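Below you'll find the structure, written out as structure tokens, and then a few comments.
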Amino acid sequence: MSRKPIIAGNWKMNLLQSEAKELFEGIKSFVKDYTAPQLPTVVIAPTYTSLCAVESVKCDCGCGKNKIYVAAQNCHWEKSGAYTGEISVEMAKDAGCDYIIIGHSERRQYFSETDEMINKKAKAILAGGLIPIICCGETLEQREAGITDEHIATQIRAALSGISSEDVAKSVIAYEPIWAIGTGKTCDSTEANRVIKMIRNVVKEVAGVQAADSIRILYGGSVKPSTIEEQMSQSDIDGALVGGASLKADSFNEIIANTMKVSV
Ligand code: 13P
């Protein structure tokens, strides 16, 4: 089964609106030379205040797809109410988002997000017609203690609990080993592929073989233009969630270009 790769840029808490716009323009001018079927699914995730400084870019070849999709970096599971500082799925959609990143290790670590909260967010996102990018990953201590697979399987089972196989199939998972995020220490691609295969097996167990074959599972953690080809050559890595290297148009565009060399 061939799964269309995704290259997603998580801009985290960076860039003012004018800077976000400039970066967006740099990516837009790169994708203009391609059609959406030639490109991987390109997703950018600016901070909330810059969501309206960027926009999704429709393809004009008649394929009905976008050349650039927009993602929010988080959301709340409730539709509205007294949740100061939060945004709903509908608000993200209203601001032009098709995807929402949830369960990023920075949210789990600094804002005490639990597996249960991430499951509620995933359900709300799917109910609202958007696609969750569900993050998971182990700390260095967990890796050294030999509990990586067990920890990630627990995160995935919890995140997907009570979600239909059809909805699981549309979802995206990002495996981001915490020790590889922002450290320059990319996880060896065969090891990342092994963990991602394990995640696919967990998806198969909870949602069936079709969902496991369809769901796109990305790798994240110090992805660079020089690492992406080897990562994309692996059997089960369906793309990348890129942090630092997504903050410059040149490096993000090069990651997209190098992805196209391997498989789109
Ligand atoms: P870096 O690419 O900066 O390591 O960040 C990865 C990440 O956390 C993306 O969500």
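Keep in mind the model is a prediction, meaning the values are calculated, not measured. Whatever order the structure lists them in is the order used to number ligands and atoms, beginning at 1. As a basis for the values below, the full set of heavy atoms in this structure was taken, side chains included, without hydrogen atoms, waters or symmetry mates.
Summarising the contacts of atom 6 (C) of ligand 1 with S246, C135, G243, the nearest heavy atom is found in G243.
Against a heavy-atom cut-off of under 4.0 Å, E176 is close to the following atoms of ligand 1: 6 (C), 7 (C), 8 (O), 9 (C), 10 (O). Listed by atom number, the atoms of ligand 1 under 4.0 Å from A180 heavy atoms are 4 (O). Set against the non-hydrogen atoms of L241, the atoms of ligand 1 under 4.0 Å away are 9 (C), 10 (O). For ligand 1, the atoms sitting less than 4.0 Å from at least one non-hydrogen atom of G244 are 1 (P), 2 (O), 3 (O), numbered in the order shown with element in parentheses. Close approach to S222 involves these atoms of ligand 1, each under 4.0 Å from a residue heavy atom: 1 (P), 2 (O), 4 (O).
No hydrogens or angles considered: a donor-acceptor pair under 3.5 Å links the side chains of K121 and N74. Inspection of the S189 and E230 side chains reveals an N or O donor paired with an N or O acceptor under 3.5 Å. For the residue pair N119 / K123, a side-chain donor-acceptor distance below 3.5 Å is found, with atom types taken as modelled. In this structure, a donor-acceptor pair under 3.5 Å is absent between the side chains of E254 and S251.
Remark: ligand 1 and N10 share an N or O pair separated by less than 3.5 Å (distance only, no angle test). The shortest N/O to N/O separation between G182 and ligand 1 falls below 3.5 Å.
Within the structure, the closest approach of G220 to ligand 1 does not fall below 4.0 Å when heavy atoms are considered. Residue contacts with ligand 1: A174 is excluded, as none of its non-hydrogen atoms falls under 4.0 Å. Using a 4.0 angstrom heavy-atom cutoff, A245 does not count as in contact with ligand 1. At least one heavy atom of K12 sits less than 4.0 Å from an atom of ligand 1.
Under the 3.5 Å distance criterion, the side-chain polar atoms of S233 are matched with a main-chain donor or acceptor of E229. Checked by atom type and distance alone, the side chain of S214 never pairs as donor or acceptor with a backbone atom of A211 at under 3.5 Å.
If you run salt bridge (charged side-chain N to carboxylate O under 4.0 Å, His left out) between D238 and each of K4, K197, R200, only R200 comes through.
Annotation: the span from K204 atom NZ to I199 atom CD1 amounts to 15.5 Å, rounded to 0.5 Å.
With a 4.0 Å heavy-atom cut-off, ligand 1 is reached by the backbone of I181 and by its side chain too.
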One pair to check against side-chain hydrogen bond (donor to acceptor under 3.5 Å, both in side chains): S50 and Q17. What are the steps and the verdict?
CA-CA 5 Å; S50 290; Q17 287 188 44; 5.7 Å; no
